Protein chains: 2
Amino acid sequence: MGQKTKSAGRPRRSNVRGENTRARLIDAALESFSTRSFHGTGTRDIAEAAGMSQAAMYVHYPTKEDLLYQISYDGHLEIEGVVLDAVARGSSPKEQLAEVMYDFTVWHARSHTRARVINYELGGLTPEHREEIATFRRRLEATMRRILVAGVEEGGFLVPDPSMTALALLSLGIDVSRWYRDNGRWTPEDIGERYRYLALRIALGLPQK
Amino acid sequence: MGQKTKSAGRPRRSNVRGENTRARLIDAALESFSTRSFHGTGTRDIAEAAGMSQAAMYVHYPTKEDLLYQISYDGHLEIEGVVLDAVARGSSPKEQLAEVMYDFTVWHARSHTRARVINYELGGLTPEHREEIATFRRRLEATMRRILVAGVEEGGFLVPDPSMTALALLSLGIDVSRWYRDNGRWTPEDIGERYRYLALRIALGLPQK
DNA sequence: CTCGTTAATAAGCACGCGCTCACATTATCT
DNA sequence: AGATAATGTGAGCGCGTGCTTATTAACGAG
């Protein structure tokens with residue numbers, strides 16, 4: 001009672017008709033949030049870049065913040081999928097760490113636009129939405145931590161503080177989205193390979209082939 | 001000719017009279033930029049937090065962007081000092097890497113407010129100012145790279161790609177400012193020690209004492 | 001004491017902001 | 001075909017934005 005009806009609840013998924021329009025809005029918002037930041041982007045900019053009137057945007061998203069929320073939600077869902085797939089492919093902690101680190105890093109380089117928004121623009125979310133995204137991130141940290149703990153228990157890993165080390169490994173991948181530039185000297189795959197190597201050195205402490 | 005006189009040139013350092021006032025403005029801007037982002041902060045917010053009228057701010061800084069520039073400039077100068085001091089304290093690449101990584105990380109945790117602004121709000125700078133800050137950052141990367149290259153040449157380090165590894169090591173420290181929270185479970189020194197250890201494992205590949 | 005400089009203010013200007021409204025058009029369903 | 005809901009628009013509202021202006025007070029040097 002007395003609750004605002006606006007901007008609450010799950011990401012919307014109404015009929016098919018406006019699907020394409022919504023995708024264009026998301027793309028436009030993504031691009032602008034990434035380069036000019038959430039607060040630096042106007043709703044007019046977004047609508048114009050998506051090729052429609054400003055009011056049309058409000059047909060699909062009730063607030064500008066909802067665009068950011070949708071982007072953040074979808075992005076975190078996607079990363080979670082990437083990471084869980086990578087974990088599933090590995091049959092030992094060492095393999096899992098290698099797979100996760102590679103995919104996580106490659107994703108952050110390849111999708112650096114999206115990654116920048118979902119990592120650095122969370123301050124634009126409402127407290128409720130921010131908290132919802134935070135649980136995604138806690139799950140991610142727990143997944144990484146679990147791999148390290150398993151590796152330690154099986155005897156291969158030497159990791160004195162799995163909690164902080166998990167944070168550090170994720171840090172490496174996340175921060176790629178900050179410094180990565182298209183047309184730089186490395187491809188996302190180059191970086192993924194190097195970072196996988198770094199992760200294994202951190203966990204195993206021995207030079208890897 | 002035709003150049004805008006405003007917002008150009010080095011950080012200002014006029015007479016002593018307003019020194020304290022300027023410091024208050026910088027502190028207020030720092031706090032607000034850090035939590036609400038550059039574009040999310042109003043000049044009225046800054047002035048009020050600094051305990052003066054909005055117009056008084058313009059006596060000391062010609063634009064809001066100049067506040068950000070001053071913060072960024074001073075911050076990068078400070079980090080550069082921290083890093084160069086650490087390098088000077090080490091008498092071998094291994095010692096230098098250890099010292100730099102510790103101090104760099106501790107600084108980013110301890111000064112996470114400043115660090116967040118100077119790492120994540122650079123998009124608010126004018127292109128000229130942004131470029132000026134970029135040279136600070138290139139120098140920093142070069143310093144780290146030089147340590148790694150020296151360590152490889154002296155035979156102790158196993159680092160296949162010093163450029164990317166230098167970036168990764170700096171990444172680790174920088175990203176601490178993103179996730180660090182006061183009253184968290186670790187002190188800045190805890191994180192510094194752990195990260196020094198990570199750096200040595202990355203460079204040397206062997207478990208360190 | 002005078003004069004130029006620095007510091008501070010209250011008021012306000014032009015404009016851009018997020019968002020709404022009344023209304024038109026279009027697609028879908030019965 | 002006609003009803004219904006979804007999709008789109010132009011105009012505009014109230015307000016907050018960065019910044020300026022006119023003015024006054026305090027200060028330091030000659």
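Computed from a predicted model, the values in this text were never measured in an experiment. Lettering follows sequence order; numbering is per chain, from 1. Values reported hereafter were calculated over all heavy atoms of this structure, with side chains retained and with hydrogens, waters and symmetry mates removed.
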State which of [options] makes the closest approach to the side chain of [X].
| X | options | value |
| --- | --- | --- |
| B/V59 | D/dT7, C/dA8, C/dA11 | C/dA8 |
| B/T63 | D/dC19, C/dA8, C/dT20 | D/dC19 |
| B/Y58 | D/dG10, D/dC19, C/dA10 | D/dC19 |
| A/Q54 | D/dG12, C/dT9, D/dG8 | D/dG12 |
| A/K64 | C/dC19, C/dA10, D/dG18 | C/dC19 |

Rounded to whole angstroms, how far apart are [atom1] on [X] and [atom2] on [N]?
| X | N | atom1 | atom2 | answer |
| --- | --- | --- | --- | --- |
| A/M52 | D/dT9 | CE | P | 7 Å |
| A/L67 | C/dC19 | CG | P | 10 Å |
| B/D66 | D/dG18 | CG | C1' | 13 Å |
| A/L68 | C/dG18 | CG | P | 13 Å |
| B/M57 | D/dT17 | CE | C1' | 12 Å |
| B/E48 | C/dT9 | CD | P | 12 Å |
| B/R22 | C/dA7 | CZ | C1' | 10 Å |

Any donor-acceptor N/O pair, B/K64 side chain to B/T41 backbone, under 3.5 Å: yes
Please check if the side chain of A/S177 supplies one atom and the backbone of A/I174 the other of a donor-acceptor pair under 3.5 Å. yes
DNA chain C contacts among residues 23-47 of chain A, heavy-atom distance under 4.0 Å: A/T41, A/G42, A/T43, A/R44
Tell me, please, which residues at least two apart from A/R138 pass salt bridge (charged side-chain N to carboxylate O under 4.0 Å, His left out). A/E131
Quick test: give all pairs of protein nitrogen or oxygen and nucleotides 27-29 of chain C nitrogen or oxygen below 3.5 Å, distance rounded to 0.1 Å.
unit_1	atom_1	unit_2	atom_2	d
C/dA27	O4'	A/R17	NH1	3.4

For the pair B/H76 and B/F136, name the ring-plane relationship: parallel under 30°, tilted 30 to 60°, perpendicular over 60°. tilted
Please determine if A/R194 forms a cation-pi arrangement with A/Y197, meaning its NZ or CZ atom is less than 6.0 Å from the six-membered ring centre and no more than 45° off the ring axis. yes
Do we see a donor-acceptor contact under 3.5 Å between the side chains of A/D74 and A/Q70? yes
With sequence neighbours excluded, tell me which residues meet ring-ring contact (aromatic ring centres under 6.0 Å, His included) with B/Y180. B/H112
For B/Y195, what residues pass the ring-ring contact (aromatic ring centres under 6.0 Å, His included) criterion, not counting sequence neighbours? none
So, does A/T21 get its side chain near the phosphate of D/dG8, meaning an N or O under 4.0 Å from OP1 or OP2? yes
Not counting sequence neighbours, which residues clear side-chain hydrogen bond (donor to acceptor under 3.5 Å, both in side chains) with A/E48? List them please. none
